[in-house]
Amino acid sequence: MSTTEGHEPARTGRARPGLDHGSLDRIEVTGIRAWGRHGVLSQEKDLGQQFVVDVALQLSTAPAGRSDALSRTVNYAEVAAAVHEEIGTGSHDLVETLAERIAQRILTDTGHPLVRRAEVRVHKPAAPVGLPVGDVAITITRDAAPVEAVLALGTNLGDRESQLARALELLGTTDGIEIDWTGPVLETAPVGGPDGQDAFLNSAIGVSTVLGPFSLLEAAHRAERDARRERLVRWGPRTLDVDVITYGETTSEDEELTLPHPRAHERAFVLAPWHAARPDAVLPGHGPIAALLAEATDRDGLRPGTPIPGFDLS
């Protein structure tokens, strides 16, 4: 591969990839207060009462910690504002419903895609239980849904076949990643970079992951390090390239992880193996990959590569 940065793929048999949430960090925002009209009794809906909400957000904060970039973590001010709005919006009979709505808003909107688990505790201190009690509260924990992502793999140094097979094995056995499909292996001429490079072996794979986008990128980098990848020359020869091409519908202009990959739409060595496995796929922001592949200037340089066990499985 150029300008994008005997094994079987691990198939765990799980309906969804798992994740050790103990490996995630926690951001807690507590004591979010707002007036709401939630409850079964008519006076609760008419007069309302104060609700208090605590949230704990589980995500990897390492990318933000290393870069000091807000874009790589969750904005807890926005989360607090969203919780405050949910408390004051509508009228639910049950605090369970309020807690569920808050959790889903965090996981699919305010905290998406970085927050992978949300804990929500809703306090109803003035609940009409008929006895003197200090508080009534419910706590729920909800996980973010798995995300479908596409990775591109390429190599033009050393034992190319073994390196692709090893990368597939490592990715497929990574906690939180399940391989859904693999494209065929293609041999391609280098695109860009210094002259005199050997041909690349390239492929693309689709995964279902509960990892956040930066954690998925780190898994890709671990596979590259395992292959002793050295970044000496831009677009130069390399033992292994593993690039995150898409992460669901997420778009990002982050300098470390641009999504979708900024050159994937014009690279046949990415589009062709992807198209072979998923001919109806769409590259977010660019359209059907079949049309993109037809226009890619390097498509004539593609040829079948050495078959590698684990690849070309749809």
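Two residues are said to be in side-chain contact when any heavy atoms from C-beta on lie closer than 4.5 Å; V53 and I102 meet this criterion.
Formation of a donor-acceptor pair under 3.5 Å by the T182 side chain with backbone atoms of D312 is found in this model. At distances below 3.5 Å, not a single donor-acceptor pair connects side-chain atoms of T110 with backbone N or O atoms of A82.
A salt bridge does not link R117 to E119: none of the charged side-chain nitrogens sits closer than 4.0 Å to a carboxylate oxygen. Salt-bridge check for R267 with D298: failed, with every basic side-chain N at 4.0 Å or more from each acidic carboxylate O. Between E169 and R166 there is a salt bridge, since at least one side-chain N of the basic residue sits less than 4.0 Å from a carboxylate O of the acidic one. One finds a salt bridge joining R105 and E86 here, because a Lys/Arg side-chain nitrogen approaches an Asp/Glu carboxylate oxygen to under 4.0 Å. A salt bridge links E256 with R72: the distance from a Lys NZ or Arg NE/NH1/NH2 to an Asp or Glu carboxylate oxygen falls below 4.0 Å.
H38 has its ring centre less than 6.0 Å from the ring centre of F51.
There is no path of hydrophobic side-chain contacts, each under 4.5 Å, that joins V210 to L170. L157 and L168 sit in two unconnected hydrophobic clusters of ILVMFWY residues. Membership requires side-chain heavy atoms under 4.5 Å apart, directly or through other members.
Ring pair W181/W274 is parallel by interplanar angle, where below 30° counts as parallel and above 60° as perpendicular.
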Please test S208 against E148 for side-chain hydrogen bond (donor to acceptor under 3.5 Å, both in side chains), starting from the C-alpha separation and ending with a verdict.
-> CA-CA 5 Å; S208 179; E148 293 183 358; over 6 Å; no

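Using a 3.5 Å distance cut-off with no hydrogens or angles, the side chains of T61 and D25 do pair a donor with an acceptor.
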